[in-house]
Visitor: 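The structure is given below, and queries will be raised subsequently.
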Protein chains: 2
Amino acid sequence: MTENTDLKEYWENKPRLLPNVSIDCVIFGFHDNQLKILLLKYKNTEYYALPGGFINLEEDLSDAALRVLEERTGLRDIYLEQFHVFGKTDRRYDETHRQIMAGNGITMKPNHFLMNRFISIGYYALIDLSKAAPKPDGLSDTCDWYDLYKIPSLIFDHNEILQKALETLRLALDEKLVGFNLLPETFTINEIQKLYETVLNEKLVRSNFQRKILSLGILERIEKKMTGAANKAPYLYKFIGE
Amino acid sequence: MTENTDLKEYWENKPRLLPNVSIDCVIFGFHDNQLKILLLKYKNTEYYALPGGFINLEEDLSDAALRVLEERTGLRDIYLEQFHVFGKTDRRYDETHRQIMAGNGITMKPNHFLMNRFISIGYYALIDLSKAAPKPDGLSDTCDWYDLYKIPSLIFDHNEILQKALETLRLALDEKLVGFNLLPETFTINEIQKLYETVLNEKLVRSNFQRKILSLGILERIEKKMTGAANKAPYLYKFIGE
DNA sequence: CGATTATTGTCACATTTTGATACAATGATA
DNA sequence: TATCATTGTATCAAAATGTGACAATAATCG
């Protein structure tokens, strides 16, 4: 699909996909003390969207989500979870699809695969942002990180989907130890704390946070220390699970 | 669909349903200190299954789930939540469907709606068992409650679906106050405790449980007391939310 | 009718967890 | 060497939880 003719051929014909079902991925990253989300912008439009895709007829649902993720980030072995299915009858967006395709010089037949109601299965992913290499899909020209608190208006019901993903992430952060998927292999306690504060959107007391997180016995202190500013250097840790 | 001819007509023709998508409902009830689940048994077979259904083309996903629930239990305004989507490629059960239909005297064309891969959206429901009036669907002859710990082998991947629903319920019981949906309007503290113990499959200390549950400020003590056995009568409570 | 018995509501005390704050140690810079 | 911001850890109070006990009560039984 590197050539535009391939793209045209792909989208103008009915592909071998499960009809009426799509996948949308909310891909979280963490950088500069900001929680970020990966968004696409479609060519020649002002339409921003979550990365998404469809399910091949001979493809597991979860594999389809992993494939979308790999296509956008270049990453495999990613933390990925379903969080909700969006299934209202009004999830049919013929006109928007038409405009997105028009922006790519593609005209759609009236009975096109996309000209239908879609049920969308929401997945959220937690990745080490520094390892990702965001890549736009064939229909979009950018694939970039956006600060969670500066998200533009998105197409379809994608703002709602994002909101639900965030709620799920906040709950998961408390109950499971998923947060470390957003950090590199090694990190300082302060970095974890900033991550928690950003996701939960609340201040935490440093000493208590440190005591708590260390008491869980899930971190291994690395011998080395960090070099940095004019003060005591923190230890580095790595996550060793439960 | 009371007549068998209607049933035949309904299933032999391609209905106006979303293709490749189904709904399965794990309906929990609580009775005699047992957690129960509603199961169907298909006519003239030994096939047990979770109640399920499909989505009408002009029907919200959640409405479809509510409809299935009402059809099986007679109840509206039910606590209902999605918990997982099951989407492996091998979720295609042509032969079993054929046998179920055969048990109802229906033959299926090779390209029948059901002769396809299905993605199934799992919902779990919590109901006051004493209010439900279980009703089999057109293809089954029984719709009954089964003790969670005595579940027969189910068709398709329904045992796995049930297991996942149970995990979700256990987590939800701790984090939200969903348990009260399984009880009648009024109940004793001991009845709540038995419910928690059964769902979580662990013993709880009576005095601590009572202190904890009362401290939440979610229960209103009813004036009346219960009559019962040769000992002090407990107070009745009702759930008043948060 | 009073004694017995099982269960309930509540309390008392120990232990653990959490909240709030303090302080010495450290690694650069001035 | 003094200064400064940050880190690791300690301290003490408050809240939550674990453990056990006890009086009150509603039937049943002798």
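Convention: sequence-line order gives letters A, B, ...; per-chain numbering from 1. Please read these numbers as outputs of a predicted model, since none were measured by experiment.
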Visitor: Provide, to the nearest angstrom, the distance between the CG atom belonging to L236(A) and the C1' atom belonging to dG8(D).
Guide: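 Atom-to-atom, L236(A) to dG8(D), this comes out as 15 Å.
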Visitor: With a 3.5 Å distance limit and no angle check, can you tell me whether K41(B) reaches the backbone of P136(B) through a side-chain donor-acceptor pair?
Guide: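 Here the side-chain-to-backbone pair does not exist.
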Visitor: Nearest-Å distance, OH (Y235(A)) to C1' (dT9(D))?
Guide: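 Computing the Y235(A):OH to dT9(D):C1' distance gives 11 Å.
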Visitor: Ignoring the backbone of A233(B), work out which of dA26(D), dG8(D), dG9(C) is nearest its side chain.
Guide: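 Nearest listed nucleotide: dA26(D).
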Visitor: Given dA6(C), dA28(C), dT6(D), identify the nucleotide with an atom nearest to the side chain of A230(A).
Guide: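 Taking heavy atoms from C-beta onward, the closest nucleotide is dA28(C).
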Visitor: Grab the CD1-P distance between I222(A) and dG8(D) for me, whole Å please.
Guide: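 In whole Å, dG8(D) P and I222(A) CD1 are 13 Å from each other.
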Visitor: In terms of the angle between their ring planes, are F239(A) and F180(A) parallel, tilted or perpendicular, with boundaries placed at 30° and 60°?
Guide: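 Answer is parallel, since the angle falls under 30°.
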Visitor: Tell me the interatomic distance from N231(B), atom CG, to dA26(D), atom P, rounded to whole angstroms.
Guide: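 Taking atom P of dA26(D) as the reference, CG of N231(B) is at 10 Å.
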Visitor: Flag the pair E160(B) and K164(B) as a salt bridge only when some basic side-chain nitrogen lies within less than 4.0 angstrom of an acidic carboxylate oxygen.
Guide: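 The answer is no: the pair does not qualify as a salt bridge.
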Visitor: For the pair K36(A) and D147(A), find out whether any cationic side-chain nitrogen is under 4.0 Å from an anionic carboxylate oxygen.
Guide: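 D147(A) and K36(A): not salt-bridged.
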Visitor: Could you list all the side chain to side chain donor-acceptor pair (under 3.5 Å) pairs where at least one residue sits in residues 205-215 of chain A, not counting sequence neighbours?
Guide: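 The answer is N208(A)-R211(A).
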Visitor: Given atom CG of L219(A) and atom C1' of dT7(D), what is their separation to the nearest angstrom?
Guide: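 So the two atoms are 16 Å apart, to the nearest Å.
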Visitor: Between dG19(C) atom P and L204(A) atom CG, what is the distance in whole Å?
Guide: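 Those two atoms, CG and P, are 9 Å apart.
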Visitor: Please find out if less than 6.0 Å separates the ring center of Y196(A) from that of F209(A).
Guide: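 Between F209(A) and Y196(A), which both carry aromatic rings, the centre distance is below 6.0 Å.
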Visitor: Near DNA chain C, counting only heavy atoms under 4.0 Å, which residues of residues 205-218 of chain B show up?
Guide: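 Those residues whose heavy atoms fall under 4.0 Å from DNA chain C, taken from residues 205-218 of chain B in numerical order, are R206(B), S207(B), Q210(B), R211(B).
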Visitor: Look at E70(B) together with R76(B) and state whether they make a salt bridge at an N to O cut-off of under 4.0 Å.
Guide: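 Salt bridge flag = yes for R76(B) with E70(B).
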Visitor: Do Y93(A) and F118(A) make the cut of ring centroids closer than 6.0 angstrom?
Guide: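 No: the rings miss the under 6.0 Å criterion.
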Visitor: Could you check whether any side-chain heavy atom of F28(A) comes within less than 4.5 Å of a side-chain heavy atom of L169(A), counting everything from C-beta outward?
Guide: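 Contact flag for F28(A)/L169(A) side chains = yes.
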Visitor: Can you tell me which nucleotide in dG9(C), dA5(D), dA25(C) comes closest to the side chain of K232(A)?
Guide: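 Comparing dG9(C), dA5(D), dA25(C) against the side chain of K232(A), the answer is dA25(C).
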Visitor: Using Watson-Crick and G-U wobble pairs whose two distances are both under 3.5 Å, how do you write the pairing of DNA chain D as dot-bracket, with | for links to another strand?
Guide: ||||||||||||||||||||||||||||||
